[in-house]
Undergrad: 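Below you will find the structure I want to go over with you.
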2 protein chains.
Amino acid sequence: MIEPRTLAGFRDYLPEAMMPRERLIATAQKVYRSFGFVPIDTPALEYLEILSGKGGEESDRQMYRFEDNGGRMVGMRFDLTVPLARFAAQHVGQLGLPFKRYHIATVWRGERAQHGRYREFMQCDFDTIGTKSVAADIETACVIHELLQAIGISRFTIRVNNRAVLTGLLENLGLADKSTLVLRAIDKLPKSTPEKVVEELTAVAGCTAEQAADVLKFASIGGTADEILTQLQPLVAGSEKGEAGVERLSEILRGAAAAGVPASHLQLDVSIARGLDYYTGAIFETFLTDLPKIGSVCSGGRYDNLAALYTKQELPGIGASLGLDRLLAALEDLGMIEKVRTPAPVLVAFFDKTQLTAYLEIASAIRRAGIGCEMFPDAKKLGQQLQYADKRGFRVAIVAGDRELAAKMVQVKDLKTGETQEVSTAESFDALTQAIQKILAT
Amino acid sequence: MIEPRTLAGFRDYLPEAMMPRERLIATAQKVYRSFGFVPIDTPALEYLEILSGKGGEESDRQMYRFEDNGGRMVGMRFDLTVPLARFAAQHVGQLGLPFKRYHIATVWRGERAQHGRYREFMQCDFDTIGTKSVAADIETACVIHELLQAIGISRFTIRVNNRAVLTGLLENLGLADKSTLVLRAIDKLPKSTPEKVVEELTAVAGCTAEQAADVLKFASIGGTADEILTQLQPLVAGSEKGEAGVERLSEILRGAAAAGVPASHLQLDVSIARGLDYYTGAIFETFLTDLPKIGSVCSGGRYDNLAALYTKQELPGIGASLGLDRLLAALEDLGMIEKVRTPAPVLVAFFDKTQLTAYLEIASAIRRAGIGCEMFPDAKKLGQQLQYADKRGFRVAIVAGDRELAAKMVQVKDLKTGETQEVSTAESFDALTQAIQKILAT
C-alpha cells in the first residue's frame, strides 16, 4: 500500500477552495475581456535556454529543471512574463500590434517551504505590448480597479509611481549609476525602518550620508496627488527623464479619474520602487485596506523592451499580475468566501428503487429549467440523504415517495426554513420549477 | 540572441485558438455543475511512487520524471485518474460519499511526436465515486449527452456496453482467464478487419478457432437496443455476472430515455470493450457522426475500486473524460469555430492626444453598460485603426474627432454594414450604448 500524500510544498484544492477559485478566474476573464484583452496559453515546459537567467538569480535557483527523454534540457515556467516574451517574439508577425493578452496559468517555483508559501501557484497576468502610450498606463490602472470591484472588494488602494521620476531624482543626486541598489533599498521601506534603509543606502548602495538623507526624504513625500506632484517638480528639475516622468504621472491620474477611478482608489506613492530591474515607467501595487500585511495583490509596470533576448524588434509594453492564490487567501481571511460545497442548489432524494425513472425525469426537468440539480444515487433512508444535503449546503430538497409519485405530487423542502410544500407534477413540471425558483430567489 | 521556439511536441495557444478553448471549458464547467459535480485541483507534480506503474507500461515510459532540488523523485501527471485515486484516498473522510468531482487540467505525456499529437494536453474528467448504483451509470450518459448538446453538436452517438456482459460471455466460452487479451483484440475491430481480429484472438489470446468465431459473432450483434438485448440473453445465460450485466444495460437505456436522452444518441454496442483493465461495468464511447475517424471524444466507464493502491476503503465509481483538445480540433474541422480575435465587440478610435480623457470617458461608459470595449492606445490615423478593427473582427467602431467631441457627438460605425450614425452624448451616454446594443443584436 502506498501512502496517499501530496508532494512537499504542493497542495490539493478541495471543492470548497476550488469553487471560489473558479469564480475568481471567471471574474478576471470577464474583466480582461471587457477591455479587449485576449487569452493565450503557453506550454508548462520550455527549453531551459528560454527560461534560464531571465528572472534573476532567485528564479534560476528555484526553477524546476531536468533532462527530458529526448535529451533536451527543459524547465518548468516560473512566471508568465518570460513565456510572454518568447511568445511575442515568435508570433508578433501573426499577432499584430498593439497586442493585449491575458494569461491565467500555473507556475512553479521550488521555494524553501514555509507556512502559506507553495511551490505551485496560479498567476493571472495582463499586458499591452507594442505601445508607449500613456493610454495603456491609464488602462492598466482601470483594469486593476475593475478587477477588485468585480471581485467584490471595495476597500483597497492602487499605489502608482513612475520609475522615470526615481531615475530623474537619482540623476540629480549623482546616483544614476547606483539606481538598482538604491531602488532595492527604497523598496524595503514599508517592511523596515528608516534607519535600516539609510544603513543599506550607505553601506550597500554606496551613498554618502547626505545622499541617503535626500533619498529618504524623497521617499517620504506625502499628501494629495497634487501636493506630491508639486513637491516632486523641483527635485527632478533639469533631468529630462524626471520632468517627463512627473508629467506622465499627472496624466495617468487625470486619465484614470476621467475613466471613473476615484482618487481614493488610486494614490500616488513615490516610495514604491518595485524590485524588478526591467520596469522603466509607471509602476503599480495594490493593497487591501483591511489586510495590508499580505502585501500587494496586483502589481506591475511599464517596460521598454519585453523580448530583447529573443528578437531585434522593440516591444515596449505595460502589464500587471493578479496574485490569484494570495487574493483567495485574503478573501477567506475577510470572510468573503461562502462556505458552499455544491454548485447545484437542488437535491432530488431517491427512496424507491423501482421508481428510478420517475426521479430521473424530475431531476432532468429541473435542470432543463436552468436550475442545477443533483440526484442522490442510492435509495437510502431520507434522514441520511437530508444529512448529506445539509453537509453540502443544498438549498432545496425534492422528496417523493411511492404515495406522492402515484398521485403525481412531490414535496419541495426549503432546507433553510424547513418549510415543505406539495406541488403537482400531473400536467407539467412548471409548478415544481416555479416553486424552486421562488425559494432560490429569497 | 536566443531563438524563440516552443519545446518539441508542445505548442502555444494563440488567441483565436484560446478563445474557443475557454468557451469549451466554461461550457463543460456549467454542465458538470448543473448535475452537482464539484471542481477540484491537484498538483502537476506528484511523488513518483504515486504515479509509477499506475497507468500501464506506456504511461510509465511516457511520463516526465526527475529528481527535484530536494532530492525527491517526482513525476508530472499523465492523466487525472491516478491523481483522483490519490486525492480520494487522502481526503475521503473530509469529502464524504458519494463524491462527484470534475477536474479540468493539463496532463503531460512524452509521446513520440507525430502530426496532431502533443505532449501537453487538457483533460476534462468527471467521476462519481462511492456508489455502485445504476443511477450513476445513467447520469454519466446524461452528462455526456448534455455536454455535446451544450457545445452545439447535435449529430453524435454515445455507445454504451457493459464489461460484465463480456465477462459473462467469456465465462460461457471458457475464456474467462484470457479476458484481457480477448478484450484488447475486440477493441481493435472498428479500426481493423474481422480476419485480423480472429488472427489475434487465436495467435495472441489463445482462443480455438471456434471460440474466436463465437467471440466475433458476439461482437457483431447489431440492431435496436431491444433486439441486441434479446440476442444477448441466451449467450450469457447461466453466468451470474453476464445476466446481471444484460439487465443493467437495459436499466441504463430505460433510465437515460426517461431523463430525456433520445435512443438515437445512446446506442448499445457490444463491440466496445475499452482497453483499460480497470473497467468492470458500464463503458461509454462517444463518436461524432460527421467525423467518425477522430475516434471517441468522450469515453469512460465503471470501476470497482478506484484507490486500492492507496487505501483499504473500497471506492467504486464511474466517470468519463472529455477530450478537450481533440474536440476543439473537431469543431475546427466542422467549421464550428468562429474566427473572432477580439472578445470585445467595440473599438473606440483615438485621434487627438489632447482629447484622451474624452475617449477614456466614452470607453468606460460603454463598459459600464456591460459591453466589452477596447480603446486604441495610440493617436494614429483612422485608416490604420480601422484596419486593426477589421483584422481583429470588431463589430462597432466609435469615431470622434475634435469637431464631434466639441459638439458632444460621436460617430457609431457598424463595421459589418459600413453604416455610420451620429449620436449625441450631451445629456448622457445612454443613446450611444443603445445604438451599440442595437447593432450587436442584429
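Throughout, protein chains are lettered first and strands after them, A, B, ... in sequence-line order, and every chain is numbered starting at 1.
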Undergrad: Gln94(A) versus chain B, heavy atoms under 4.5 Å apart: side chain, backbone, both or neither?
TA: both
Undergrad: Salt-bridge test for Glu374(A) and Arg392(A): reply yes if a basic N is under 4.0 Å from a carboxylate O, no otherwise.
TA: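 Salt bridge: no.
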Undergrad: Looking only at heavy atoms and a cut-off of under 4.5 Å, which of Val74(A), Asp68(A), Leu309(A) has the most pairs with chain B?
TA: Leu309(A)
Undergrad: With a 4.5 Å cut-off on heavy-atom pairs, point out which of Gly96(B), Ala85(B), Ala26(B) contacts chain A the most.
TA: Gly96(B)
Undergrad: May I ask you to establish whether Arg86(B) and Tyr310(B) are in a cation-pi arrangement, using a distance under 6.0 Å from NZ or CZ to the six-membered ring centre and at most 45° from the ring axis?
TA: no
Undergrad: Quick one: list whatever passes side-chain hydrogen bond (donor to acceptor under 3.5 Å, both in side chains) with Ser52(B), sequence neighbours left out.
TA: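 For Ser52(B) there are no side-chain hydrogen bond (donor to acceptor under 3.5 Å, both in side chains) partners, ignoring immediate neighbours.
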Undergrad: Might you point out which heavy atoms bring Pro39(A) and Met18(B) nearest each other, and give the distance in Å?
TA: O-CB, 3.3 Å
Undergrad: Where does Met63(A) contact chain B at under 4.5 Å (heavy atoms): side chain, backbone, both or neither?
TA: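 Interface part for Met63(A): backbone (N, CA, C, O).
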Undergrad: For chain B, which candidate among Arg61(A), Met19(A), His91(A) shows the most heavy-atom pairs at distances under 4.5 Å?
TA: His91(A)
Undergrad: For the interface with chain A, which of Gly372(B), Gly255(B), Ala258(B), Ala344(B) has the highest count of heavy-atom pairs at distances below 4.5 Å?
TA: Ala258(B)
Undergrad: Flag the pair Lys100(B) and Glu139(B) as a salt bridge only when some basic side-chain nitrogen lies within less than 4.0 angstrom of an acidic carboxylate oxygen.
TA: yes
Undergrad: I need the residue from Ala136(B), Ala135(B), Pro377(B) with the largest number of non-hydrogen atom pairs under 4.5 Å to chain A.
TA: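 Sorted descending by pairs with chain A, the first entry is Pro377(B).
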Undergrad: Can you tell which part of Lys312(A) gets under 4.5 Å to a heavy atom of chain B, answering side chain, backbone, both or neither?
TA: both
Undergrad: Ring centres under 6.0 Å, that's the criterion: do Tyr388(A) and Phe376(A) meet it?
TA: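 Yes: the rings meet the under 6.0 Å criterion.
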Undergrad: Which pairs count as side chain to side chain donor-acceptor pair (under 3.5 Å) when at least one residue sits in residues 356-367 of chain A, sequence neighbours excluded?
TA: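 The answer is Ser364(A)-Arg368(A).
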Undergrad: Cys373(B), Gly36(B), Pro43(B): which one forms the most heavy-atom pairs within less than 4.5 Å of chain A?
TA: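 Heavy-atom pairs under 4.5 Å are most numerous for Pro43(B).
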Undergrad: Between Leu95(A) and chain B, with a heavy-atom cut-off of 4.5 Å, which part of the residue counts as in contact: side chain, backbone, both or neither?
TA: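 Both the backbone and the side chain of Leu95(A) come within 4.5 Å of chain B.
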Undergrad: Which one, Arg101(A), Met375(A), Arg341(A), leads in non-hydrogen pairs under 4.5 Å with chain B?
TA: Arg341(A)
Undergrad: Report the option among Glu49(B), Glu16(B), Glu22(B) that has the most heavy-atom pairs separated by less than 4.5 Å from atoms of chain A.
TA: Glu22(B)
Undergrad: Taking the six-membered ring for Trp and the single ring otherwise, decide whether the centroids of Tyr32(A) and Tyr102(A) are under 6.0 Å apart.
TA: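 Centroid distance Tyr32(A)-Tyr102(A): below 6.0 Å, so yes.
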Undergrad: In terms of heavy-atom pairs under 4.5 Å with chain B, which of Ala259(A), Ala17(A), Pro98(A) leads?
TA: Pro98(A)
Undergrad: Pick whichever of Leu347(B), Thr42(B), Asp378(B) has the most heavy-atom pairs under 4.5 Å with chain A.
TA: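 It is Asp378(B).
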Undergrad: Hey, can you tell me if Phe66(A) and Tyr64(B) have their rings parallel, tilted or perpendicular (30° and 60° cut-offs)?
TA: perpendicular
Undergrad: Quick check: closest heavy atoms across Thr311(B) and Ala89(B), and the distance to 0.1 Å?
TA: CG2-CB, 3.6 Å
Undergrad: Report the option among Gly260(A), Pro345(A), Ala308(A), Ala44(A) that has the most heavy-atom pairs separated by less than 4.5 Å from atoms of chain B.
TA: Ala44(A)
Undergrad: What part of Leu356(A) is in contact with chain B, defined as an atom under 4.5 angstrom from a non-hydrogen atom: side chain, backbone, both or neither?
TA: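 For Leu356(A), the side chain is the part near chain B, not the backbone.
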Undergrad: Do you know which of Phe99(A), Phe35(A), Phe37(A), Tyr13(A) has the most heavy-atom pairs under 4.5 Å to chain B?
TA: Phe35(A)
Undergrad: For Asp41(A), is there an ion pair with Arg21(B) - N to carboxylate O distance below 4.0 angstrom?
TA: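 Here Arg21(B) pairs with Asp41(A) in a salt bridge, since their nearest N and O are under 4.0 Å apart.
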Undergrad: Is chain B contacted by the side chain of Lys380(A), its backbone, both, or neither, given a heavy-atom distance below 4.5 Å?
TA: neither
